[in-house]
Amino acid sequence: MRSVLLVAAAAAAKQPPLWPLPQNYSCSTQKLTVIPSPAFFRVDAGNDVLAAAAKRYIPLAFPHGWGAPGVGLPALSVVVDDGVGATERAARRPRRADDAGALYPALGDDESYKLRITATSATLKARTVWGALRGLETFSQLVAYNFDTATYQVVACTIQDAPRYPHRGLMVDSGRHFLPVATLLHVVDALPFAKLNVLHWHLTDTQSFPVETPSRPSLWRGSFSKRERYSVEDVKRVVERARLRGVRVVPEFDTPGHAESWCSGYPGVCPSPTCKTPLDVSKAETFAVLDDVLGDAAKLFPDAFVHLGGDEVDTSCWASTPSIQQWLRAVLRARNWTTADAYSYFVSTAAKIARSHQKRPIQWAEVFDEFGATLDKSTIVHVWKLSTNITEVVENGYDCLVNVGYVADSWYLDNLDVTWAQAYASDPRATVPPHLQTKVLGGHGEMWGETVDGSDFDATVWPRLAAIGERLWSSVDDVDAAWPRLEAFRCLLLERGVGAAPLNNSMARAAPVGPGACTQRRRRI
Ligand SMILES: *[C@@H]1O[C@H](CO)[C@@H](O)[C@H](O)[C@H]1NC(C)=O
Ligand SMILES: *[C@@H]1O[C@H](CO)[C@@H](O)[C@H](O)[C@H]1NC(C)=O
Ligand SMILES: *[C@@H]1O[C@H](CO)[C@@H](O)[C@H](O)[C@H]1NC(C)=O
Ligand SMILES: *[C@@H]1O[C@H](CO)[C@@H](O)[C@H](O)[C@H]1NC(C)=O
């Protein structure tokens with residue numbers, strides 16, 4: 001036992017102070033001085049994503065300002081080369097660019113990078129701008145300020161890095177509590193610190209419908225209050241903030257369950273005033289409203305995915321509402337359907353509508369649990385229950401996202417008793433045969449919003465989300481080796497204004513215990 005601990009400690013000692021840990025690294029102990037300046041990050045200034053990042057990373061890498069320049073490394077050269085010749089590139093249409101020519105991140109983008117820091121030069125190479133962003137984050141974490149000499153230092157390193165999973169996210173729920181735009185922008189700012197690249201925005205739920213949908217302007221009557229709403233411009237700001245950070249924004253409109261809030265604006269889509277969901281499967285109006293909502297969403301959210309929910313559907317309102325009963329009896333007779341087929345009809349129609357807007361549907365795993373291989377193969381199955389057999393999902397040809405693992409609901413951040421180490425112990429692919437593992441695209445920390453708003457969001461999410469981030473990016477899983485790095489990363493989050501809770505607390509967002517260092521490892525200088 002003793003020797004095992006020593007080995008773990010030695011491995012931990014050799015790991016560079018980075019979160020998540022890069023795939024391949026070789027770092028010396030040699031400390032090099034870097035000379036900060038506003039032009040430290042040399043990028044192609046003609047690229048708006050890179051130009052913004054070069055500016056953003058100055059205070060992140062050099063947070064304590066600087067005085068007169070000394071002697072040392074004066075720059076990090078950032079080179080993006082996709083390996084395609086200029087002629088061929090000119091002949092290609094830009095990938096996933098919007099009408100204004102802006103480039104958006106997408107599933108499967110190459111996020112690899114190579115970072116080389118020597119005594120004489122520092123270079124970052126990537127095949128896409130998104131890879132360059134990940135490398136800039138790594139560089140910023142390598143820089144340390146020496147308060148005694150008032151200099152910034154890095155260690156000489158060669159790093160070759162790429163993510164293990166392409167889809168690494170956080171779900172936020174603005175249906176259970178409104179999350180102000182300022183909170184969302186702050187959330188988006190922090191995701192790339194842990195190399196996360198997806199914000200899954202569960203916009204609406206039973207309790208509220210906060211977002212403007214121009215073609216169905218009454219829907220946001222379902223908001224908690226008139227001030228707790230997102231205008232189209234608010235949504236655009238969040239999407240743009242995310243784009244510049246290489247973060248995709250995937251909206252969710254959960255139907256037919258979790259949708260009572262739709263009744264405030266359009267009572268016609270609900271079975272009755274006393275029995276409101278699931279939304280009325282018998283009416284064309286229901287699908288017309290959904291079509292308009294998804295059409296509006298397609299204009300606002302450039303990402304290729306849209307989440308349609310589909311979870312926790314209790315069909316008793318359909319059975320007890322006379323008009324729906326009548327419809328059910330008629331179609332059930334005509335098409336030999338069961339009541340479950342009506343649920344299937346709803347979710348497959350929703351998916352069809354999403355595809356008609358050129359979006360790929362994501363649906364919660366109940367939809368697979370109920371209907372299995374009958375779903376359209378483009379559907380992404382979002383697994384959240386231990387009872388769903390992930391191998392069966394991928395064997396049937398579906399891509400999936402996974403939020404369960406070592407303990408039930410371990411990536412459900414609303415479960416306050418789940419510790420960072422339990423979240424860290426889960427690997428979405430663990431139970432899937434090797435040849436099917438790439439069908440597991442990744443997963444999310446799920447921040448269901450019942451007890452979270454702008455006041456406690458950071459401390460509930462962080463640092464547990466960082467643990468998830470490392471499992472999705474890196475190939476390491478040793479909790480003991482991760483602990484000191486994660487403690488250091490928590491200090492970094494605090495320094496960057498993200499209110500991450502202490503690692504060692506039993507209920508996620510507990511306050512620090514008494515006076516002490518951010519690492520909880522009290523040490524005298
Ligand atoms: C890391 O190194 C291994 C072994 O040389 C190699 O197979 C792998 O592709 C490297 N990963 C990256 C991201 O460069
Ligand atoms: C109706 O469905 C049942 C069960 O799914 C099946 O046994 C029966 O043969 C079907 N009837 C017709 C006319 O298709
Ligand atoms: C999951 O499905 C696979 C493939 O059908 C099967 O081999 C495996 O036994 C199932 N696992 C569980 C726990 O049921
Ligand atoms: C974690 O907290 C508990 C209770 O406050 C304490 O007993 C324990 O020593 C702490 N563990 C570490 C590693 O700091």
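Just so it is clear, the values below take in all heavy atoms, side chains as well, and ignore hydrogens, waters and symmetry mates. Nothing here was measured: the structure is a model prediction, and the numbers come from that model.
- A donor-acceptor contact closer than 3.5 angstrom links the side chains of Asp109 and Trp130.
- Side-chain contact check for Asp296 and Ser215: at least one donor-acceptor pair (N or O, by modelled atom type) lies under 3.5 Å.
- A salt bridge links Lys236 to Glu233: at least one charged side-chain nitrogen sits closer than 4.0 Å to a carboxylate oxygen.
- Ion pair Arg127/Asp82 not flagged as a salt bridge, since none of the NZ, NE, NH1 or NH2 atoms sits closer than 4.0 Å to an Asp/Glu carboxylate oxygen.
- For the residue pair Glu137 and Tyr57, a side-chain donor N or O sits within less than 3.5 Å of a side-chain acceptor on the partner.
- For Phe305 against Leu107, the heavy-atom pair with the smallest separation is CZ-CD2, 3.7 Å.
- Between Phe193 and Leu492 the shortest side-chain heavy-atom distance does not fall below 4.5 Å.
- Aromatic pair His307/His382: centroids less than 6.0 angstrom apart.
- Arg56 and Ser140 are not linked by any side-chain donor-acceptor pair at a separation below 3.5 angstrom, with hydrogens and angles left out of the test.
- Geometrically, Arg243 engages Tyr104 in a cation-pi contact, judged by NZ or CZ lying under 6.0 Å from the ring centre and within 45° of the ring axis.
- Looking only at side-chain heavy atoms (C-beta outward), Glu395 and Leu436 come within less than 4.5 Å of each other.
- The residues Glu312 and Lys385 are annotated as not salt-bridged, no charged nitrogen and carboxylate oxygen being separated by less than 4.0 angstrom.
- Looking at heavy atoms from C-beta onward, Leu375 lies in side-chain contact with Tyr398 at the 4.5 angstrom threshold.
- Using a 4.0 Å cut-off between charged nitrogen and carboxylate oxygen, Asp453 and Arg176 do not count as a salt-bridge pair.
- With Glu470 as the partner, the salt bridge (Lys or Arg N to Asp or Glu O under 4.0 Å) test is satisfied by one option alone out of Arg164, Arg485, Arg464: Arg485.
- Using a cut-off of 4.0 Å between Lys/Arg side-chain N and Asp/Glu carboxylate O, Arg490 and Glu487 are scored as not salt-bridged.
- A donor-acceptor pair shorter than 3.5 Å can be found between the side chains of His167 and His444.
- Applying the 6.0 Å contact sphere to NZ of Lys377 captures more than 12 heavy atoms from other residues, nucleotides or ligands.
- Aromatic ring pairs are classed by plane angle as parallel below 30°, tilted from 30° to 60° and perpendicular above 60°; the pair Phe301 and Trp201 is perpendicular.
- With salt bridges taken as basic N to acidic carboxylate O contacts below 4.0 Å, one links Arg245 and Asp189.
- There is a side-chain donor-acceptor pair under 3.5 Å between Asp369 and Thr388.
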